Amino acid sequence: MVPPLCLARTFLQRGQHGQIRGLRSLSSLHRGAAVLPHHVRLTGALVPQHASVRHNTQHRVILLPEYPGHTAQTNPVMKSCKDGLPEFGQVNESHCYYGLGQRLMEFESAVCRMEASIEEGEKEWEVLLTKVEVERLELENIWAIVSLLKITTDKLDMDRFVTLEKRAERAFLTRYDSRTIHDFVTGDWVGTVEGEDKRVLERYVTEYRNQGFELPEKKYLELNANWMKRLGEAQRDHRFKLTTSTQRFRHVIRDPAVVREFPVDLLRAMSVDSTQPAKGPWSVTLHPYIYRKFLEYCPDRRLRWNAYNASTARGSPNSDVYLNVAGHVKDIRQHRLDQALVLGYYNYAELSMVTKMAASVENVQSMIASMLGVARESQEQELASLQEYAESRGFEDKIREFDVPFFRRKQIRTLYGVEDEAIRDYFPLPNVLKGIFDLLDSQFGIQFEMVTPDGEDLGTLWNSEVTLYRVKDGGEEVGFCYLDPYIRDDKAYQGGDKGWHVPIRPHSKVGGSNAVGAIVMALGPPGYGKPSLLSHQEVVETVRQFGKAVQQLLAARKWSETSGRSGVEWDCLAVVPDFLMQWLGVPQVLQSLSQHWSTGEQLTGAQVVSLINARNHLAGFDLCNELYKAAFDIAFYTEDYENEQFADLASRLAPQYLVLDREKEDAFPLYFDEMLTGHWAAGYYSHTWSRMLAADLFSAYLEAGLENTEAVAKVSARFKSTFLTSGSAVPTAQLFREFRGRDPTPEALLISLGLKEPIQPKNRGSKS
């Protein structure tokens, strides 16, 4: 049988007289998408049993592979969204490969049917969207299953599925790659569309515009055959070289005295034999968790500098001339500017703002400037205090960047009596989950009810450690949530304090689908009579992931594209998770999550306050570093590169934001991959923007008075009716104004970080 996905495809476009011309479609040029003939009924008897040819509206000739023809009876991963939860326990690599290949072809065929309906005279936007909704749900479902199994098991061949998922992404975007659909969504009739249908329509129009469909043919080809191709090549080369630099660094420690204070989970990650973490040798790498924790716990300054230098010199010619990425960084900047100019924008940052709540570069710069003064002043005081503390401990040099994590941890222990490893005894996972569930139930009426998979409607699990919860809103079922909490050898690992939320299925009233999601963590397993014990940061991360899950589960809208977190503005994606994390700043809530695993005692009030204060330690230092990266990112994609090279830009901005001098080996921004090859180009500010919105939203509780039960209930009901249930059907700016009655300000975030004193309301009749 021919595999369902043949990557060697032929894409040709023929002119009126049959001559071969330049490729026109974006999927042909940039995505390589293949589609099934729109007249083929995939669910009936007419299914392709051989390579087929399709002539679409762009006159492409596309060679297609054989259609697998799998069903739920022959392939468990093909189980429909309407037939219950996935059968994870029966799925193997072959099922995933052929199942995903079949679903992506079915989706492409649905897009073809949508095109055919338009050509036949269909004018109802809702009818056209309905034609692709079910196939979209099925493709998203199986794609998410594959992504989840890649994280939680070793069933799948990574290289093979990376290629397959790229193909699935191209297929998923074919709905934005049709001249027929473009002409329809930009027609005169669109003024009659309202509500959620209009939101989806606006998204289509934006996508088509930013892919060049409104450009003349010459400009369209310039964008897609030239600039986008070159941008992709530069990003690919940058990613490869930076990954190689990251993986090459390894330093072996053989002296047990160096690792004496290291926590067990760090030793387990570093040791040659993870079953004997106390037995060396131990390897220091640039794995994010190992690197971060190593700087916190390593007492040897030379070793700290060595690891820090290895991290910040990545991509520099001084580190390895063959892994120098400076040229690629310059190309990425240039080609993104070229992309923006061809599309009619002044620069790439302006293009990026189209999908952001901030809406303009000026608004981002205003946010950064409004926080910088207070944050930098606090940073100066914090680092002066840290220097004084370090000297009291026998340190005789000036504190440098790689010293801060180590002395920060020591100072927190001295000032607040908080030691992360000691505090674990008070946060057993079962009690933390109970506290989170109680909070969600009491404030928003959301119940998590543990259920046992039955192999039918409730499917099966991929591991015995996984727990399944039925989620209800006011007693009515809204979806399901899996929890895979513990670290395993066959599981991805980015540290116990970092997790994933995988949205397996979205809500869709039209498609008849309820939300299903999975939370994946890498916490220490229970053992020796103890439950899994969490650090404070792991508690925070667990709450954060449940924030993502709740938003996905409650936002049930008409279309999958407007439900959950799908389509939410990039700079608002983390608002709900960050909002839920704000509750951990309330002493009573944090205390309710604590209970000593052995004695049953809760943390005392004083311990809880110390824990909250410790979390904000060096808040000015941290915020200034985030603002520096955000400001650089915006300037990088705004300023004229000919007038100021990126290295000069970094040198100019650093003194404005950072108190400590940068190390001479620091190659920033060469290793700033979030901005260069990640999802945050001209959008790194989004992390701070979301925190600002979340703190401002939560300040409504403080204004109402947390002790006022009735007022708090009203605020929670208002938050639920806006941010938890709206999905992307309503712009976030509108939701915020409905909730707060005004636009956001940074005051609440600065107050929550302890950088600014809260304004005490005056009593009536008092003198000013």
Side-chain angles (χ1 to χ4, degrees), residues 261 263-265 293 296-297 382 385-386 389 392-393 407-443 485 496-497 521 523-524 526 528-544 546-547 578-619 622 695 698-699 701-702 704-709 712 716 751-755 757-758 760:
E261 293 187 358
V264 174
D265 61 332
K293 288 293 184 180
E296 289 182 16
Y297 284 91
E382 291 165 353
S385 172
L386 193 65
Y389 173 79
S392 72
R393 307 280 295 187
F407 287 111
R408 175 186 198 155
R409 180 182 63 84
K410 295 278 190 180
Q411 191 177 34
I412 286 175
R413 185 173 62 183
T414 301
L415 293 179
Y416 307 110
V418 172
E419 182 66 52
D420 229 18
E421 294 308 301
I423 214 73
R424 284 181 183 273
D425 288 343
Y426 287 91
F427 289 114
L429 179 60
N431 199 75
V432 170
L433 293 177
K434 180 180 181 300
I436 294 173
F437 296 157
D438 288 346
L439 174 66
L440 293 173
D441 190 9
S442 63
Q443 295 300 325
D497 55 357
M521 302 290 291
L523 306 173
Y528 305 106
K530 288 185 181 181
S532 176
L533 302 175
L534 279 61
S535 68
H536 184 218
Q537 187 54 44
E538 289 168 353
V539 172
V540 172
E541 179 65 13
T542 304
V543 170
R544 187 170 184 272
F546 270 99
D578 287 345
F579 172 86
L580 202 61
M581 286 163 54
Q582 287 283 327
W583 281 99
L584 296 181
V586 178
Q588 296 87 341
V589 173
L590 184 58
Q591 189 176 41
S592 70
L593 269 62
S594 70
Q595 185 181 57
H596 195 282
W597 71 272
S598 177
T599 65
E601 296 178 352
Q602 288 188 327
L603 290 171
T604 65
Q607 287 175 311
V608 170
V609 171
S610 293
L611 206 53
I612 294 172
N613 291 336
R615 186 178 164 198
N616 288 337
H617 190 62
L618 297 193
D622 292 336
F698 191 78
S699 66
Y701 287 95
L702 305 180
L706 288 169
E707 69 287 343
N708 188 335
T709 307
V712 166
S716 293
I751 292 171
S752 71
L753 294 174
L755 301 179
E757 291 295 326
Q760 298 296 333

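Position 1 is the first residue of the sequence; numbering continues from there. The structure presented is a predicted model; accordingly, all values stated were derived computationally and were not measured.
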Is there a side chain to side chain contact (heavy atoms under 4.5 Å, CB included) between D265 and K293? Walk through the geometry before answering. CA-CA 10 Å; D265 61 332; K293 288 293 184 180; 5.6 Å; no
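- Distance check: S752 OG to I612 CD1 gives 11.5 Å after rounding to the nearest 0.5 Å.
- Rounded to the nearest 0.5 Å, atoms CZ (F407) and OG (S392) are 9.0 Å apart.
- Between F427 and L593, the closest heavy-atom pair is CD2-O, 3.7 Å.
- No side-chain donor from either of S594 and Q607 sits under 3.5 Å from a side-chain acceptor of the other.
- A donor-acceptor pair under 3.5 Å is formed between the side chain of S532 and the backbone N or O of G524.
- Looking at D420 and R424, no side-chain N of the basic residue comes within less than 4.0 Å of a carboxylate O on the acidic one, giving no salt bridge.
- With rounding to the nearest 0.5 angstrom, the OG1 atom of T542 is 7.0 Å from the CG atom of L433.
- Put simply, the side chain of V608 does not reach to within 4.5 Å of the side chain of Y426, judged on heavy atoms.
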Determine whether N613 and V418 satisfy the following criterion, side chain to side chain contact (heavy atoms under 4.5 Å, CB included), listing intermediate values before the conclusion. CA-CA 10 Å; N613 291 336; V418 172; over 6 Å; no
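- Taking the ring pair (Phe, Tyr, Trp, His ring centres under 6.0 Å) definition, one finds that H536 meets it with nothing, sequence neighbours left out.
- In this structure, the separation between CD on E261 and CD on E296 is 12.0 Å, given to the nearest 0.5 Å.
- Panel note: side chain R408, backbone H617; a donor-acceptor pair is recorded below 3.5 Å.
- Of all the heavy atoms in R413 and E419, the pair that sits closest is CD-OE1, 2.8 Å.
- Considering every non-hydrogen atom in both Q443 and Y701, the closest pair reads OE1-CE2, 4.1 Å.
- Applying the side chain to side chain donor-acceptor pair (under 3.5 Å) test to residues at least two apart or on different chains, none of the pairs has a partner in residues 579-591.
- Summarising the geometry of S592 relative to Q602, their closest heavy-atom pair is CA-NE2, 3.8 Å, with the distance given to 0.1 Å.
- E541 contributes atom CD, which lies 9.5 Å from atom CD of E538 (distance to the nearest 0.5 angstrom).
- In this structure, L429 and P485 approach most closely via the heavy-atom pair CD2-CB, 3.8 Å.
- Of the possible polar contacts, none joining the D578 side chain to the A695 backbone as a donor-acceptor pair under 3.5 Å is found.
- At least one donor-acceptor pair under 3.5 Å links the side chain of Y389 to the backbone N or O of K410.
- Taking CD of Q537 as the reference point, atom CD1 of I423 lies at 13.5 Å (rounded to 0.5 Å).
- Across all non-hydrogen atoms, the minimal contact from G705 to V712 is O-CG2, 3.5 Å.
- Looking at heavy atoms from C-beta onward, L580 lies in side-chain contact with L440 at the 4.5 angstrom threshold.
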